[in-house]
There are 2 protein chains.
Amino acid sequence: MSEEYLQHEIHEQPTVLQDMLDREDNAIERLADAIRERQIEHVLIAARGTSGNAGIYARYLLGMVNGLPVELAAPSMYTLYQSPPRLRNTLVLGISQSGMSPDIVAVMEDGQAQGMLTAAITNAPDSRMGQIAEHVIPLGAGEERSVAATKSYTTELLALALLSAALAQDAEMRQALQRVPEAVVNALSLEEIIGRRAERYHYMEQCAVISRGYNYATALEIALKLKELTYTSTTPYSAADFMHGPIAVVRPGYPVMVIATAGVAQPVLSELVDELVAREAELLIIGDDATLTQHASLPLRLPMPLPEWLSPIVAVVPGQLLGYHLALARGLDPDRPRGLNKVTETH
Amino acid sequence: MSEEYLQHEIHEQPTVLQDMLDREDNAIERLADAIRERQIEHVLIAARGTSGNAGIYARYLLGMVNGLPVELAAPSMYTLYQSPPRLRNTLVLGISQSGMSPDIVAVMEDGQAQGMLTAAITNAPDSRMGQIAEHVIPLGAGEERSVAATKSYTTELLALALLSAALAQDAEMRQALQRVPEAVVNALSLEEIIGRRAERYHYMEQCAVISRGYNYATALEIALKLKELTYTSTTPYSAADFMHGPIAVVRPGYPVMVIATAGVAQPVLSELVDELVAREAELLIIGDDATLTQHASLPLRLPMPLPEWLSPIVAVVPGQLLGYHLALARGLDPDRPRGLNKVTETH
């Protein structure tokens, strides 16, 4: 095989995203109906790792567009300590590629035992998680063979975006969703510059990855990809938390990636970029505004902007590509990071 | 002045903790009564940085001991986006040393506008946050002059622990609380070994800091102290999240701090230590069990164990001391980290 699974799966994303948009089955509409009928007032998300980052996206999206407070479950309360909090009018929403992580399943089982509405967003509808959930949203992303999740992440985000639009019953949102696959095709064109410039970061040992609002999830996910694929000690931050202390680590040449697409969060991220320029940081910028990305040593300008609420689906793509090409530049196997399994059986 | 503010404030902790226990004013009991009377079902915490780490402690403590689901507010929803979620039967609890951070105040103001119960845990009862809140729990920690927060953090934890005991109306919990100041005195005795061994970490550029359950908050807070005070690129993890990917970064000699005190989380953390020993990581271990700490290059055994739910108040202390002594070893000013202000005015 000449191509790694990872590169193949990164490039499959427009297709699997389009497949989800084209799906006839209306599982997401049925879940939205149930959320209304059951008078859901809270969402508790059970997820870890990459799917946990999709949960962070859900927190902003369902919170701001749909007015639903979203909390991410701390699974140890359910497994180790077996002292779950009391739930009321809550949707317990599991997000997991494999549907097999025992601690995520434990949160779902508790939700069921407490009589809550349960739903699973998963690539494995027949998994234990899929069996427990009243509502199952299949990702339909096809088998994901690389340990580092890519297409399962962007399809998880799209499923959440479709759910938000279904809850809002908003025609403009539904229209915007149709542009996602093409925007991802466009983002994939950044592979040329990323492949050419990856060597610059061969010896990078640490990196901060920063955004705010909707793309905070993107910062978390890109930091995780760079860690898994390249063993770089990357740390994600919201711009506000970063200014509250960690900015102290920035010395001249310190690498910082900023994700700043058009929207409400852009002005504050633009201020942060100015501050980082003043501190002579090495900047990697993912965004759709050339006046902002021009400050970067590695400017990654997304050719086709999306509305801010959808931008995380496309903004993560250059980060996935950087993880892949930096792994190659370092002579690492992008499909099998050392010491990782596809399904982590944490309890 | 021969002694830095920071060292002084670290050593003040037993006194200010004892002061809080001795306080006659029953603000915490009144808040517990209000939580019962107003039939509070959810807690929304507004906090950032060190106080945000106290919020993580609250999430485990109020969730597991008192059955209350706790969510940490994403302040940008309230400030930048101005699209807060709908709240019901919720306590909006601000935690802030200064009570001045505009984004935290915005979350409190929204809670008030939505008719929710509001409370503030703060060192500045006269601040804007203190003025808004129906219930104010003063830290009474005295002025904190070092930029890196220490005594305000441990008093925030104690205030939360007192609130949890008041809600539970549990005599055993109240008794255990009385042992906190002495346990902190004992933990301060670790300064001798820390001062002697800090030089070993002079050139440490990165470090993972790991725990699980109650002490996940401790991992977050120690990572923040090391970042602020020593500019080390530290990244905190829950043990479960770490196993889900980031463990890939561990090569022989890679520094990992593990916080593992006696209790429910200890066995899984002990398994993690075995795995890290197999990977030949450089281990720094904070714990109260000598068979566990013996695996460490820097064993930091707490002389006086506390019940697991109180252990975060004492387990953070060796991390504060390491931050201070490593700053000194590196010739840095522990009171004024570069580019930080005591109050960060994020919006």
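Sequence lines set the chain letters: A, B, ... in the order given, protein chains first and strands last, and positions in each chain run from 1.
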Is chain B contacted by the side chain of [X], its backbone, both, or neither, given a heavy-atom distance below 4.5 Å?
X	answer
A:Ala223	neither
A:Val65	neither
A:Ser238	side chain

At a heavy-atom separation under 4.5 Å, does [X] approach chain A through its side chain, its backbone, both, or neither?
X	answer
B:Thr50	neither
B:Tyr254	side chain
B:Asn66	backbone
B:Leu72	both
B:Ala208	neither
B:Glu308	side chain

At what distance, to the nearest 0.5 angstrom, does [atom1] of [X] lie from [atom2] of [Y]?
X	Y	atom1	atom2	result
A:Phe242	B:Lys227	CZ	NZ	8.5 Å
B:His42	A:Arg86	NE2	CZ	10.0 Å
A:Met77	B:Tyr60	CE	OH	6.0 Å

Any heavy-atom pair between the side chains of [Y] and [X] that's under 4.5 Å?
X	Y	answer
A:Leu80	B:Val268	yes
A:Met64	B:Ser76	no
A:Thr235	B:Ser233	yes

Side-chain donor/acceptor of A:Glu41 to backbone N/O of B:Arg88, under 3.5 Å: no
Got a donor-acceptor contact below 3.5 angstrom from the A:Glu228 side chain to the B:Pro246 backbone? no
Heavy-atom nearest pair, A:Pro69 first then B:Leu87, reads CG-CD2, 4.5 Å
Chain A contacts, top residue of B:Gly49, B:Cys207, B:Ala74 (heavy-atom pairs, under 4.5 Å): B:Ala74
Comparing B:Glu205, B:Glu71, B:Glu275, B:Arg251 against chain A, the one with the most heavy-atom pairs below 4.5 Å turns out to be B:Glu71
Check the orientation of A:Tyr214 and B:Tyr81. Use parallel for under 30°, tilted for 30 to 60°, and perpendicular for over 60°.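 The arrangement is perpendicular - the two ring planes meet at more than 60°.
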